[in-house]
Amino acid sequence: MRVAAKYELIRQQINEACEKTGRKPDEVTIIAVTKYVSTQRAQEALDAGIQHLGENRDEGMLEKWEVLKDKPIWHFIGTLQTRKVKNIIDKVEYIHSLDRLSLAQEINKRANSKVKCLVQVNVAEEDSKHGLAVEEVIDFIKSLGSLENIIVAGLMTMAPLTDDEEVLRDCFQKLRELRTQVQSCHLDYAPCSELSMGMSNDFAIAIEEGATMVRIGTALVGEAG
């Protein structure tokens with residue numbers, strides 16, 4: 001199926017999820033995760049009207065950047081090694097995987113302007129996932145105050161890979177509640193308006209629970225091509 005047709009199906013599902021909860025569809029940003037597909041498939045996503053592309057490896061992003069340049073709004077959504085910050089820093093608008101002070105310091109040092117970062121939170125407390133524990137997040141964000149190029153735009157999490165809707169909702173609700181706590185700190189550099197949560201298998205539930213960004217790969221652009 002062409003990306004345009006998949007995109008239309010995704011948008012319908014988003015509309016339904018928003019209607020259930022009284023939200024507006026334009027409150028949700030769709031990020032097409034293009035890490036497993038070719039530059040041509042990424043271009044097809046842009047042609048379909050998708051503006052935001054997400055990559056999780058610097059090599060894959062740089063390969064696509066050579067062709068697409070700044071036509072998309074780039075999101076780096078994978079684990080970012082400190083030594084690789086310099087490769088992507090002035091090409092991305094959002095980094096979804098800020099999870100340690102050394103990374104924040106490197107982003108701050110390398111950036112030529114303010115970078116919108118999302119703090120990655122391991123809400124599910126899974127050993128296989130990166131991110132801060134929920135109870136670490138507030139102190140971590142407060143520690144970033146002196147880094148003039150860091151904007152804490154929001155929070156990101158990955159829910160467990162499960163069909164148990166209750167487990168998924170609990171994960172997403174906890175991230176939403178944590179965002180409220182961050183916002184109550186009234187930090188100028190941490191507006192924390194974004195909730196990046198929900199992927200191909202659970203994005204509708206994530207939207208019902210407040211997601212403002214959903215990261216959709218397989219259901220939108222496929223796994224290869």
Side-chain angles (χ1 to χ4, degrees), residues 2-4 6-7 10 28-100 102-104 106-108 110-122 128-131 149-159 161 194-203 206 211-225:
R2 302 285 293 178
V3 173
K6 291 178 178 239
Y7 183 39
I10 296 289
V28 181
T29 298
I30 301 171
I31 302 168
V33 180
T34 53
K35 62 182 179 179
Y36 292 128
V37 301
S38 64
T39 301
Q40 290 75 18
R41 190 71 162 174
Q43 178 65 62
E44 188 184 334
L46 295 178
D47 293 342
I50 298 166
Q51 296 178 295
H52 299 257
L53 300 186
E55 285 284 329
N56 76 328
R57 293 171 59 251
D58 65 314
E59 296 94 337
M61 185 189 155
L62 292 173
E63 183 180 309
K64 293 181 176 72
W65 172 270
E66 288 302 315
V67 178
L68 304 177
K69 303 297 183 185
D70 59 358
K71 286 192 288 184
I73 295 170
W74 291 101
H75 297 246
F76 194 86
I77 61 174
T79 301
L80 182 56
Q81 296 178 38
T82 304
R83 64 186 175 85
K84 295 193 173 184
V85 168
K86 63 181 182 294
N87 298 338
I88 58 101
I89 189 60
D90 290 318
K91 297 178 174 64
V92 298
E93 187 155 340
Y94 292 89
I95 295 174
H96 288 236
S97 49
L98 180 58
D99 63 354
R100 59 197 187 278
S102 60
L103 178 59
E106 185 69 9
I107 292 169
N108 187 68
R110 297 283 183 179
N112 291 319
S113 58
K114 293 184 184 296
V115 182
K116 297 171 187 171
C117 297
L118 287 87
V119 173
Q120 183 169 354
V121 188
N122 187 357
S128 60
K129 288 187 171 69
H130 292 270
N149 287 329
I150 299 286
I151 295 291
V152 180
L155 306 176
M156 184 273 262
T157 199
M158 297 174 65
L161 189 59
E194 305 290 356
L195 286 178
S196 173
M197 57 189 196
M199 299 189 291
S200 288
N201 62 308
D202 56 17
F203 70 87
T212 65
M213 293 177 167
V214 289
R215 311 178 304 273
I216 306 177
T218 305
L220 185 53
V221 294
E223 295 181 347

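Remark: Thr82 pairs with Arg100 by the side-chain hydrogen bond (donor to acceptor under 3.5 Å, both in side chains) rule, at least two apart or across chains. Partners of Glu194 according to the salt bridge (Lys or Arg N to Asp or Glu O under 4.0 Å) rule, which considers only residues two or more places apart in sequence or in another chain, do not exist here. Scanning for side-chain hydrogen bond (donor to acceptor under 3.5 Å, both in side chains) contacts around Asp70 gives an empty result, with sequence neighbours left out. Every residue meeting the salt bridge (Lys or Arg N to Asp or Glu O under 4.0 Å) condition with Asp58, not counting sequence neighbours, appears here in chain and number order: Lys84. Applying the side chain to side chain contact (heavy atoms under 4.5 Å, CB included) rule to Val115 yields the partners Ile89, Ile95, Ile107, Ala111, Cys117; only residues at least two apart in sequence or on another chain are considered. Every residue meeting the side chain to side chain contact (heavy atoms under 4.5 Å, CB included) condition with Gln43, not counting sequence neighbours, appears here in chain and number order: Leu46, Asp47, Leu68, Lys71. Applying the salt bridge (Lys or Arg N to Asp or Glu O under 4.0 Å) rule to Lys116 yields the partners Glu93; only residues at least two apart in sequence or on another chain are considered. Under the side-chain hydrogen bond (donor to acceptor under 3.5 Å, both in side chains) criterion, Lys129 pairs with Glu126, not counting sequence neighbours. Remark: Ser200 pairs with Ile216, Thr218, Ala219 by the side chain to side chain contact (heavy atoms under 4.5 Å, CB included) rule, at least two apart or across chains. In terms of the ring-ring contact (aromatic ring centres under 6.0 Å, His included) criterion, residue partners of His75 (sequence neighbours excluded) are, by chain and number, His52, Tyr94, His96. Scanning for side-chain hydrogen bond (donor to acceptor under 3.5 Å, both in side chains) contacts around Gln120 gives an empty result, with sequence neighbours left out. Residues satisfying the side chain to side chain contact (heavy atoms under 4.5 Å, CB included) criterion with Ala206, sequence neighbours excluded, are Phe172, Met197, Ala211.
With values rounded to the nearest 0.5 angstrom, Ser102 atom OG is found 11.5 Å from Gln81 atom CD. Distance CG/Leu195 to CE/Met156: 12.0 Å, rounded to 0.5 Å. One finds the CG atom of Leu80 at 9.0 Å from the CG atom of Asn87 (value rounded to the nearest 0.5 Å). Note that the OG1 atom of Thr157 and the CG atom of Leu118 stand 11.5 Å from one another [nearest 0.5 Å]. Considering OH of Tyr7 and CD1 of Ile30, their distance stands at 4.5 Å, rounded to 0.5 Å. Interatomic distance, CG of Asn56 versus NZ of Lys35, reported as 4.5 Å (0.5 Å rounding).
More than 12 heavy-atom neighbours from other residues, nucleotides or ligands sit within 6.0 angstrom of CE on Met213. Annotation for Leu62: atom CG counts as buried by contact number, over 12 foreign heavy atoms lying within 6.0 Å.
Listed here is the closest heavy atom pair of Leu53 and Ala42: CD1-CB, 4.1 Å. Of all heavy-atom pairs spanning Ala104 and Ile150, the tightest one is O-CD1, 3.7 Å. Taking both residues in full, the closest heavy atoms of Val3 and Ala48 are given as CG1-CB, 4.2 Å, listed atom of the first, atom of the second, then distance. Between Leu220 and Ala32, the shortest heavy-atom contact is CD2-CB, 3.7 Å. Between Val221 and Lys6 the shortest heavy-atom distance is N-CD, 4.5 Å.
With Lys64 as the fixed residue, the side chain to side chain contact (heavy atoms under 4.5 Å, CB included) test singles out one of Arg41, Glu55, Gln40: Glu55.
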Might you work through the side-chain contact (heavy atoms from CB on, under 4.5 Å) test for Thr29 and Ile73, ending with a clear yes or no?
-> CA-CA 11 Å; Thr29 298; Ile73 295 170; over 6 Å; no
Audit row: Glu44, Val37, side-chain contact (heavy atoms from CB on, under 4.5 Å) steps and yes/no | CA-CA 11 Å; Glu44 188 184 334; Val37 301; over 6 Å; no
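The shortest side-chain heavy-atom distance between Phe203 and Ile10 falls under the 4.5 Å cut-off.
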